[in-house]
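Order of listing sets the numbers, starting from 1, for every ligand and every atom in it. We number each residue from 1, following the sequence as shown.
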Amino acid sequence: MSFSDNGFFGQFGGKYVAEVLRRPLDELEIAFKEAMADPSFLEELQQIQRDYIGRETPLLHAETASKILGGAQIYIKLEGLANTGAHKINNAIGQCLLAKRMGKKRIIAETGAGQHGVATAAACAKLGLDCTVYMGEVDVRRQQPNVAAMELYGAKVHSVTSGSRTLKDAVNEAMRDWAANPDTTHYVLGSALGPAPFPDIVREFQSVIGKEVKRQAEERHLDVEALIACVGGGSNSIGFFSPFIDEPGPRLIGVEAGGIGPGIGENASRMTGNASRDGILQGYKSRFLIDEDGQALSTRSISAGLDYCGIGPQLAALGKSGRVEFTSALDKEALEAVKFFAKNEGVLFALESAHAGAEAIKLAPTLSPEKAIIVNMSGRGDKDVFITSPVFRPEKWLDFLHAEIERLESDKDIHEAKIME
Ligand SMILES: *Cc1c(COP(=O)(O)O)cnc(C)c1O
């Protein structure tokens, strides 16, 4: 039931692509279905999830946080403890294994902030696949730590110079590459969106989060009132919600980026904002922040992973039916949540995940202490130090950056080490 009906979830989804991409998408769908019915593939997947990704990830009872808020017990699914620091590796490993099974030795991927690029590059390194990541030139410049990581993992980062030189141009370029090289190449799409069968594939590979949570909650006899996840494209949330969608409870709550406010261009609220419309973009029908001509509107969020104009078609349908409730958190609420859980639980949320944390802070006090709410911490916040430090401690951070530049410009050892390579 939670699988698409021929690529559609209610009125959303589909496969709105150029003719040349139909065959690779159809072949992918067949290979995926066969793989998921093959016990040897599932066993191989499970083994690498355990030994490489580090599954299962813990479910932490946030006791101090729950006491301070004085309501429901908050539990945190520590997905940020997965190797590479976030849930994205679940999908990257799954799709790369699938590509290998299909006999494809070359992987391409798109990336915006770089998180999906890093996960794909790492998965390819682990599985011995050739990897090219398409990334807008603007993003390459501002996301150097992730570019450096991708290169360490041996990936080629292809800087895209067309259009706005950001994520959507990287997607277009990756699609073009795939259309030209379908026999040798698999395109690892990074979230539960895009043309069918990607929304089904990504959800299934991320559903490991929800399956573990279901087992963990049952073992501890939790009376779960709600699951809360942040929603960018929707992969961590749909994977987390997946085993519960066809059941009457618990409440499933998706949190979008509220940015700096409700105005157009100030947020990335596709389900809760007032600027969103049904539309078709980049191969699928869903809810988008687009103008009357179907052109993407600009979006804004302090968290790069939530800063996107579209949302996965299954979530759009589940929002429409009411099974998933949507809300949003402002940039400043996410920052507060980062501080709150760091100080009280010793857990550093990624800025994306902190949007879900912010909703837990609002919801917990309205519920009784016998109830549990579970927050998916989709990633850990180490990667955000260049964003959080300038906010939390601007002068000290500026001093540090100045000192680093000075050190790099003056330190002969660094130059010599480079020459010795
Ligand atoms: C990319 C990312 C997200 C947003 O993507 P979804 O597909 O909505 O899950 C959320 N959290 C983290 C840590 C991310 O890296």
Between ligand 1 and C230, can you find any atom pair, the residue atom being a heavy atom, that is separated by under 4.0 Å? yes
Ligand 1 and S235, any nitrogen or oxygen pair closer than 3.5 angstrom? yes
Taking only non-hydrogen atoms of N236 and a 4.0 Å limit, the atoms of ligand 1 in range are 6 (P), 8 (O), 9 (O), 10 (C)
Using a strict threshold of under 4.0 Å (side-chain N to carboxylate O), is an ion pair present between K33 and D38? no
Nearest to atom 1 (C) of ligand 1 by heavy atom, E256, K88, E79: which? K88
Got a salt bridge between E56 and K77, using NZ or NE/NH1/NH2 to carboxylate O under 4.0 Å? no
Are R203 and D200 within salt-bridge range, i.e. N to O under 4.0 Å? yes
Does H87 come within less than 4.0 Å of ligand 1, judged by its heavy atoms? yes
Looking at R323 and D246, is any side-chain nitrogen of the basic one under 4.0 Å from a carboxylate oxygen of the acidic one? no
Quick test of your reading of the model: are D130 and K156 salt-bridged, counting only N-O distances below 4.0 Å? yes
Do ligand 1 and G234 have nitrogen or oxygen atoms that lie under 3.5 Å from each other? yes
Non-neighbouring partners of A229 that pass side-chain contact (heavy atoms from CB on, under 4.5 Å), sequence neighbours left out: N236, S237, F240, F241, N376
If you scan protein heavy atoms around atom 4 (C) of ligand 1, the nearest is G305 O, 3.4 Å
What atoms of ligand 1 come within less than 4.0 Å of a heavy atom belonging to Q115? 15 (O)
Check ligand 1 against G232 and write out every atom of the ligand that is under 4.0 Å from a heavy-atom position of the residue. 8 (O)
If you measure every N/O of G379 against every N/O of ligand 1, is any gap under 3.5 Å? no
For S378, the ligand 1 atoms whose distance to one of its heavy atoms is below 4.0 Å: 10 (C), 11 (N), 12 (C), 13 (C)
Does A192, backbone or side chain, put an N or O under 3.5 Å from an N or O of ligand 1? no
Sort and list the pairs that fulfil salt bridge (Lys or Arg N to Asp or Glu O under 4.0 Å) and have at least one residue in residues 328-350, not counting sequence neighbours. E333-K362
Does the side chain of S389 pick up a donor-acceptor pair with the side chain of R393 at under 3.5 Å? yes
